[in-house]
Amino acid sequence: MELVKRGFLRACKNHSFLSFELIDYILAPLCANHKTTKPGSKEAIRALVAEINDTIRDLGQLLVFIKYPVKAEEYLVYAKTDATPDSVPNTGLTAEECQYFSKLLDKIASEEDCHIAWNVAYTDIVLQASSKPLKKSRMQELLQKWIQMGYFMEVGERIYLGPRSLVELSFYLSSNHAGNIKNCTLCKCLVLWDIRCSSCNIQYHRECIQTYLQRRDICPSCGNLWTTPIRRSIA
């Protein structure tokens, strides 16, 4: 099983963020090649990930499951625990390109719902005056690379903070953009694009508030009766 764990960790590093469908696609041949039983449920996969985390946590790495409401998906994210916006993109990039990542991250995080129109990523990002301007074609190339790495997500004609940013850069985002980005008061983890109390507009993870409401029927923040429908709209 150790060889399966190593192979799966390499795949997580390569893909950056994985759906359960992709996880199954990766584990099936890995387990077959090493004559090991493939984890047959999400719970078994979570247990495998927990075992891997025990071996990589001290190396500044972590595999984290995160629900991503924008895509209505849950992803497994490979993250570096000491990452900052300055350190994330710097491998093989110029100072201007690293600055572009930080500026783009801050631009998206500063918007009320943490997303921007795709063209804003090329037209409204201003680098320092001393920096050499980036060509639009290079910006597009970098953005696609960072989307593939999970730092941003393209949905329709808009660019959102990606699942890897929400995991790897959660402290930076909640500290520097506290007006738009907050932690769920129930689980203390970052929450975006999820359910809000109709009285006070405080946002929670859907699963967190659903569990809470099994015990009480009021908002944990304002104390008013909870009236927001828990089920997602299918419209």
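We number each residue from 1, following the sequence as shown. Note that the coordinates shown come from a computational prediction; the quantities given were computed from them, not determined experimentally.
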Same cluster (ILVMFWY, side-chain, under 4.5 Å), Leu63 and Val167 = no
Point-to-point distance, once rounded to the nearest 0.5 Å, from CZ of Phe171 to CG of Asn183 = 10.0 Å
Should Lys13 and Gln61 count as side-chain neighbours, where that means a heavy-atom distance under 4.5 Å?
-> yes
Residues passing the side-chain hydrogen bond (donor to acceptor under 3.5 Å, both in side chains) test with Ser198, sequence neighbours excluded, are Thr227
Less than 4.5 Å apart, any side-chain heavy atom of Phe152 and any of Leu143?
-> yes
So which heavy atom on Pro85 is nearest to which on Ser102, and how close?
-> O-OG, 3.4 Å
Do the charged groups of Asp24 and Lys38 touch, with an N to O distance under 4.0 Å?
-> yes
Side chain to side chain contact (heavy atoms under 4.5 Å, CB included) assessment of Glu168 paired with Val77 | CA-CA 9 Å; Glu168 208 168 73; Val77 176; over 6 Å; no
Where Pro163 and Met153 come nearest, the two heavy atoms and their spacing = CD-CE, 3.9 Å
For Asp82, look at atom CG and say whether over 12 heavy atoms of other residues, nucleotides or ligands are found less than 6.0 Å away.
-> yes
Is Arg138 paired with Glu141 through a side-chain N to carboxylate O contact shorter than 4.0 Å?
-> yes
Could you list the residues that satisfy side-chain hydrogen bond (donor to acceptor under 3.5 Å, both in side chains) with Thr36, not counting sequence neighbours?
-> none
Verify side-chain hydrogen bond (donor to acceptor under 3.5 Å, both in side chains) between Tyr204 and Ser221, making sure each step is shown before the conclusion.
-> CA-CA 10 Å; Tyr204 303 93; Ser221 294; 2.5 Å; yes
Looking at CZ of Arg158 and NE2 of His115, how far apart are the two atoms once the value is rounded to the nearest 0.5 Å?
-> 5.0 Å
Can you tell me how far OG of Ser170 sits from CD1 of Ile181, rounded to the nearest 0.5 angstrom?
-> 10.0 Å
Show the numbers, then the answer: is there a side chain to side chain contact (heavy atoms under 4.5 Å, CB included) between Leu27 and Leu48?
-> CA-CA 11 Å; Leu27 283 176; Leu48 174 67; 4.1 Å; yes
Side-chain donor or acceptor of Lys188 paired with backbone N/O of Thr185 under 3.5 Å = yes
Are Val64 and Ile23 grouped together when hydrophobic residues (ILVMFWY) are joined by side-chain heavy atoms under 4.5 angstrom apart?
-> no
Is Trp118 reachable from Leu142 through a run of hydrophobic residues whose side-chain heavy atoms are each under 4.5 Å from the next?
-> yes
Please check if Leu169 and Val191 belong to a single hydrophobic cluster, counting links between Ile, Leu, Val, Met, Phe, Trp and Tyr side chain heavy atoms closer than 4.5 Å.
-> no
Where do Gln140 and Tyr122 land on the side-chain hydrogen bond (donor to acceptor under 3.5 Å, both in side chains) test, with the steps shown first?
-> CA-CA 7 Å; Gln140 292 173 328; Tyr122 314 125; 4.7 Å; no
If we only count heavy atoms from C-beta on, is the Tyr212 to Ile218 side-chain gap below 4.5 Å?
-> yes
Heavy-atom closest pair (His205 atom, Asp194 atom, distance to 0.1 Å) is CA-OD2, 3.7 Å
Given Phe20 and Phe65, is the ring-ring contact (aromatic ring centres under 6.0 Å, His included) satisfied, shown in steps?
-> CA-CA 10 Å; Phe20 275 102; Phe65 284 101; 5.5 Å; yes
Atom of Ile116, atom of Glu111 and distance for their closest heavy-atom approach = CG2-CG, 3.6 Å
Check ion pair Lys5-Glu51 (N to O, under 4.0 angstrom) | yes
Give a yes or no on whether Leu161 and Leu18 share a hydrophobic cluster (residues Ile, Leu, Val, Met, Phe, Trp, Tyr; joining criterion: side-chain heavy atoms under 4.5 Å apart).
-> no
Could you point out which residue of Val70, Leu192, Leu166 forms a side-chain contact (heavy atoms from CB on, under 4.5 Å) with Cys114?
-> Leu192
In Å and rounded to the nearest 0.5 Å, what is the SG to NZ distance from Cys208 to Lys67?
-> 8.5 Å
Heavy-atom distance under 4.5 Å between the side chains of Ser174 and Lys182, does that happen here?
-> no
Spacing of CD belonging to Gln148 relative to OG belonging to Ser16, to within rounding of 0.5 Å = 9.0 Å
Can you tell me how far the CZ atom of Arg46 sits from the CG atom of Asn53, to the nearest 0.5 Å?
-> 12.5 Å
CA sep, side-chain torsions, deciding dist, call: Leu9, Arg6, side chain to side chain contact (heavy atoms under 4.5 Å, CB included) | CA-CA 5 Å; Leu9 177 59; Arg6 292 177 195 172; 5.8 Å; no
Between Asp86 and Tyr172: side-chain donor-acceptor atoms closer than 3.5 Å = no
Is the shortest heavy-atom distance from the side chain of Arg164 to the side chain of Tyr78 under 4.5 Å?
-> yes
Close side-chain approach of Phe8 and Leu76, heavy atoms under 4.5 Å = yes
Close side-chain approach of Trp226 and Asp217, heavy atoms under 4.5 Å | no
Does Arg206 reach the side chain of Ile230, with side-chain heavy atoms less than 4.5 Å apart?
-> yes
Classify the side-chain pair Tyr160/Glu154 by whether it contains a donor and acceptor separated by less than 3.5 Å.
-> no
Can you see which heavy atom on Ser165 is nearest to which on Leu173, and at what distance?
-> O-CD1, 3.7 Å
Lys80 NZ: over 12 foreign heavy atoms closer than 6.0 Å = no
Ignoring hydrogens and angles, state whether a donor on the side chain of Tyr68 or Glu74 is under 3.5 Å from an acceptor on the partner side chain.
-> no
Verify, without hydrogens or angle tests, whether Glu157 (side chain) and Ala117 (backbone) share a donor-acceptor contact under 3.5 angstrom.
-> no
Which is it for Lys103 and Ile108 under the side chain to side chain contact (heavy atoms under 4.5 Å, CB included) test, yes or no, and what are the steps along the way?
-> CA-CA 9 Å; Lys103 294 285 187 179; Ile108 298 175; over 6 Å; no
Please confirm whether the backbone N or O of Ala109 pairs with a side-chain atom of Asn180, one donor and one acceptor, at under 3.5 Å?
-> yes
Smallest heavy-atom separation, Ile209 atom then Pro220 atom, equals CD1-CD, 3.7 Å
